[in-house]
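One structure is given below, encoded as structure tokens.
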Amino acid sequence: MQEKLKIWTKLKSKQIADCRIFNIREDFCKSEDNENANFYVIENPDWVNIFALTNDKDIVLIKQYRHGTNEITLEVPGGMVDDGEDAAECANRELLEETGYVANE
């Protein structure tokens, strides 16, 4: 037997943090059966991550400091898509900016 999912109606919202790259908002909601709940939503722009392989089939990674973990991590290149920019164009731009590599496809 499948459980009936609750439908929530947003009554109001308020922004609770502006984190430069993204915002966090709190939504005050009510369910069909009059239950109240608050939900937290991260609003962020479109983003790309690039999984790039060299001709030798090596994965291209970058080292980046992450404040949350206080560590330098290895990760795939990526970044925010600019207004009006195509995601593929963004991926090529970010790959070049962060690694010096140029994508063939």
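The CG atom of Asn92 sits 9.5 Å away from atom CG of Asn104, with the distance rounded to the nearest 0.5 Å. Note that CZ of Phe51 and CD1 of Ile59 are 4.0 Å apart. Values are rounded to the nearest 0.5 Å.
Note: the hydrophobic cluster containing Val60 does not contain Leu74 (ILVMFWY, side chain heavy atoms under 4.5 Å, direct or indirect links).
Applying the 6.0 Å contact sphere to CG of Leu11 captures more than 12 heavy atoms from other residues, nucleotides or ligands. Within a 6.0 Å sphere centred on CG of Asp86, heavy atoms belonging to other residues, nucleotides or ligands number more than 12. Applying the 6.0 Å contact sphere to CG of Asp46 captures no more than 12 heavy atoms from other residues, nucleotides or ligands.
In this structure, a donor-acceptor pair under 3.5 Å is present between the side chains of Glu75 and Thr73. A donor and an acceptor atom, one from each side chain of Tyr65 and Asn70, are located under 3.5 Å apart.
Ala52 approaches Leu95 most closely through the heavy-atom pair CB-CD1, 3.9 Å. Taking every heavy atom of both residues into account, Glu32 and Leu5 meet most closely at OE1-O, 4.3 Å. In plain terms, the two heavy atoms of Met80 and Cys90 that are nearest each other are O-SG, 3.4 Å. Between Ile24 and Cys19, the shortest heavy-atom distance links the atoms CD1-SG, 4.3 Å. The shortest heavy-atom contact between Val81 and Trp47 is CG2-N, 4.1 Å.
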Practice task
Before giving the answer on side chain to side chain contact (heavy atoms under 4.5 Å, CB included), spell out for Asp27 and Val41 the whole-Å C-alpha distance, their side-chain angles and the decisive distance to 0.1 Å.
Solution key: CA-CA 7 Å; Asp27 289 347; Val41 179; 3.6 Å; yes
Exercise for the section: Could you please spell out the steps behind the side chain to side chain contact (heavy atoms under 4.5 Å, CB included) verdict for Glu43 and Arg25? Expected result: CA-CA 8 Å; Glu43 301 172 317; Arg25 77 168 198 258; 2.8 Å; yes
Handout entry: Val76/Ile50 under side chain to side chain contact (heavy atoms under 4.5 Å, CB included): CA gap, chis, key distance, verdict
Key = CA-CA 6 Å; Val76 297; Ile50 301 102; 5.8 Å; no
Practice task
For side chain to side chain contact (heavy atoms under 4.5 Å, CB included), just list the numbers for Ile62 and Thr99, CA-CA rounded to whole Å, side-chain angles, deciding distance to a tenth of an Å, and then say yes or no.
Solution key: CA-CA 7 Å; Ile62 60 170; Thr99 69; 3.6 Å; yes
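Formation of a donor-acceptor pair under 3.5 Å by the Glu97 side chain with backbone atoms of Glu94 is not found in this model.
In this structure, Glu89 does not pair ionically with Arg93, as no charged nitrogen and carboxylate oxygen lie closer than 4.0 Å. The pair Glu26-Lys12 fails the salt-bridge criterion, with no side-chain N (NZ, NE, NH1 or NH2) lying under 4.0 Å from an Asp/Glu carboxylate O.
The side chain to side chain donor-acceptor pair (under 3.5 Å) contacts involving residues 52-62 comprise nothing, where partners must be two or more places apart or lie in separate chains.
For Trp8, the side chain to side chain contact (heavy atoms under 4.5 Å, CB included) criterion is met by Lys6, Cys29, Ser31, Glu35, Ala37, Phe39, not counting sequence neighbours.
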